Amino acid sequence: MALATGSAQTASLNYVMTLGVAAMEGRGFYYPVDTATGPNGRLYVLGRGHDGDPRGIQVCVMDVDSEYYGVFGLVGEADGQFIWPAGIAIDSEGTVYVSDEHLNRISVFDASGTFLLKWGNSGSGAGELNGPNGLAVDAEDRLLVVDHRNHRVQRFTKDGDLISSFGEQGGGPGQLNLPWGVAAASSGDVYVADWGNHRVQRFAADGEFVASYGGPGEGDGLFLRPSSVAVDTEGFIFVADWGNERIQMLDPDGRFVAKSRGEATTSPWAQSFLDANVQEAEARSESDLDPDLAFLEGNVREESHHTQTYFWSPTSVKLDAEERLHVTDRNRHRIQVFERSR
Amino acid sequence: MTIELDLMGHLMRRAGFGATRDELEQHVAKGYDATVEDLLTIDGQEGIVDDLLYRYLPDHQGGMGMAGAPGNLLFRMINTRGPLREKIGLFWHSVFATGYPKVTQGRVLLDQIAMFREHGMGSFRDLLVRLSMDPAMIMWLDNDENHAGAINENYGRELLELFSMGVGNYSEQDIKECARAFTGWTVANTKYMKTMVERDSLWPYGRVSFRFEFRAEDHDDGEKEFLGERGRFDGTDVIDIICRQEATARFVSRHLYHFFVADEPPVPNWPYEPPRDPEAIDILVRSYFDNDYNIGAMIRTLITSDFFKSNDARYQKIKGPAELVAGVLRLTGELRQPEPAIQTNAFHMAFMGQSLINPPSVEGWHQGVEWVDTGTAVERINYAAEHLGDAANPGVRSMAASVLSGGSGLSPEDLVQGCLDQLGAISVSDNTRSALVEYAVREGQVTWNGDRADATRRVVEMFEMVAATPDFQRE
């Protein structure tokens, strides 16, 4: 259990398992950036892929038991295709929403991945989008969209009609700077990963500023470029502290509780690969993939690059119905799952 | 065009990737020597926000394949405020040419070029030590198979032949002794890394990071005789001896002259063809020894020398593909932020014959006129003309507005000169100028009264025409 308890809190953050395997096509992920779990219990993993390579940009559907249900989505600008897929969310009926921060649109699919519709127009006016990425569905099945280059969050109906908007560019309370992830708490409050301001901000349902957590730094409770936030039913806050290559857990008042750099193990899909490729498995088992890191002089990004168990570019934290935390470990092409002790 | 502006344009093309007319005027106001010092001292990271690149372009950080790394390098060439740093990274990548097939990942090669960027203007001795410890180089030249009692000469040979002294300045026995000195210099997890490379494996969790490892038990610690000296040399001792040789000073000097001043023949011809300017090489050799092998000091000597400033050095180099593409994009104002088009533009460097992180061999790219054949010539001209002839590009619009900034009309001759000025205070041959004027004359005087749309069209067409000239392929 690679956690630290930094306050009087008794809650801890426990590693559960690793899911997925690197794959440019089919079963697996290539630079995954976000996940969402549907009412059908299936986990939808959004692959960002890489420009210049048509493979990897897809949604891979699986579950926490590593059952594989297929993929959908392709690179391109046609219906159901993506250029820079950035966020994924699922409503109570199982409808899947995917944001594309290059095409400035939201694509909508049914639970099986059949394209239904798309909406969104480029611009900075009300309801227009400039770089939609983080997505969340609120208790009334409305979609919160982080419109990040417009430094705001917009709330839409499922069909893309604007309901409300909050945030503007800046570093003051309630202002945002290239925000990324968003979470809709059961209380109705909205939490935003304010990436450029190194903090998480909390807003009331009507967009009123409530609180700010964190600030730039490497210490407990501080963040560097946070990419994502999730809030459980008791109000505990989970943050993908992207620039510090870790996740952090805060209590409902925003006090630091625990953190983790990741502790990935061999996922079922990884194991099936190693079982089928004995020569690689043998060489891997003889290797030191978690070396003494002193030569990296405390550079956390380099440490993550050189340590197989660590997160390397954790871009998203999402809770499923069982309140397990799915951490998208982008540059390692896998999901690390954690849970809060009760 | 003033003499100062002309010279500044020359400096920025050679020590950078060109500059706009406005930038050149700012440099002229600051002065030549002060601009040289800026070039030598500005950190290459200025103007580059890695967090933004990594946020939008995962492979610039993860470096899984061949695609992301050239895009990352191109973005840096366009946007850095320390262009000499980026250029020196390109220089050493050309000299110490290391390729993708032996590592099958972009990241370890990006790390190598970052090392060149950071240390490539310091001591040549330190650079060779870092090179010898670089995992990509160890894999590229098989030093992981160089064992005590069973040497692999590949790295030892190329260190002497291509990286420091040149053919004819050492014996076959020196190569063997050099190889012995580097036994035990390898990469960690050798067996697994080689297996991953051989299978081009990205499973289960992406590429595995390379790191240097010295294995004392696999190092031949015995006495060696190398270039006339005897001792229980290891790799760093051998590099010390190499760096003391005049042949090394001459070899490095000729490389710098070739890259910054005027095209020389390909390196394999150097033992048989004298340098184009032997006196210039002598000056650089003195600078090498006077400054403890410091490359930055040698570059200062070079770009403040008469032979560099001379008119004889103007346009004596064919732009390399990376220089051409980055130079065009710096003018057009494109790709100032991370966006998908970085990748498609990076592909054009490869179409022109320079696939960064994947040189054709350890000799690197043959440069000069060898950059251009019938296929690459079409690609080069089309690329430059298409981008500089597109009025949708912010830099093109800005340059066009500057050409039309005074009065209400331009003669065909003034139109041509105005465009050459805006494209970085460049010069063309008399024949080319006549052809451009002849083209402009067909529509006569450029005039505008309020509405500048048609005049702007004429200017942008002229940018496109200039970009399509053979002169524009030179720097």
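So you know, we letter chains A, B, ... as the sequences are listed, proteins then strands, and number each from 1. On a predicted model such as this, the values are computed, not experimentally measured, just so you know.
- The local environment of CD in A/Glu77 is sparse, with at most 12 non-hydrogen atoms from other residues, nucleotides or ligands closer than 6.0 Å.
- Within residues 298-306 of chain A, the residues having any heavy atom closer than 4.5 Å to a heavy atom of chain B are A/Arg301, A/Glu302, A/His305, A/His306, listed by residue number.
- Interface remark: A/Gln308 contributes side-chain atoms only to the contact with chain B (heavy atom separation under 4.5 Å).
- Neither the backbone nor the side chain of A/Asp329 comes within less than 4.5 Å of any heavy atom in chain B.
- Both the backbone and the side chain of A/Trp180 come within contact range of chain B, judged by heavy atoms closer than 4.5 Å.
- The stretch residues 264-278 of chain A participates, sequence neighbours left out, in no salt bridge (charged side-chain N to carboxylate O under 4.0 Å, His left out) pair at all.
- At a 4.5 Å heavy-atom cutoff, the contact between B/Arg107 and chain A is made by side-chain atoms alone.
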Begin from the C-alpha positions of B/Phe96 and B/His119 and carry the test ring-ring contact (aromatic ring centres under 6.0 Å, His included) through to its verdict. CA-CA 14 Å; B/Phe96 304 143; B/His119 300 285; over 10 Å; no
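- With a threshold of 4.5 angstrom between heavy atoms, B/Tyr56 approaches chain A through its backbone and through its side chain.
- Highest contact tally toward chain A, considering only B/Thr190, B/Asp111, B/Ile342, B/Val208, is held by B/Val208 [criterion: heavy-atom pairs under 4.5 Å].
- When B/Lys102, B/Lys194, B/Lys191 are each tested for a salt bridge (charged side-chain N to carboxylate O under 4.0 Å, His left out) with B/Glu145, only one passes: B/Lys194.
- Heavy atoms of B/Ala67 lying under 4.5 Å from chain A belong to its backbone as well as its side chain.
- When heavy atoms are compared at a cutoff of 4.5 Å, A/Asp53 does not approach chain B at all.
- For B/Met64, the parts lying under 4.5 angstrom from a heavy atom of chain A are both the backbone and the side chain.
- A cation-pi arrangement is absent between A/Arg48 and A/Tyr31 under the rule of less than 6.0 angstrom and at most 45 degrees off the ring axis.
- Residue B/Leu52 touches chain A through both its backbone and its side chain, counting heavy-atom pairs closer than 4.5 Å.
- Of the atoms belonging to A/Thr315, not a single heavy atom falls under 4.5 Å from chain B.
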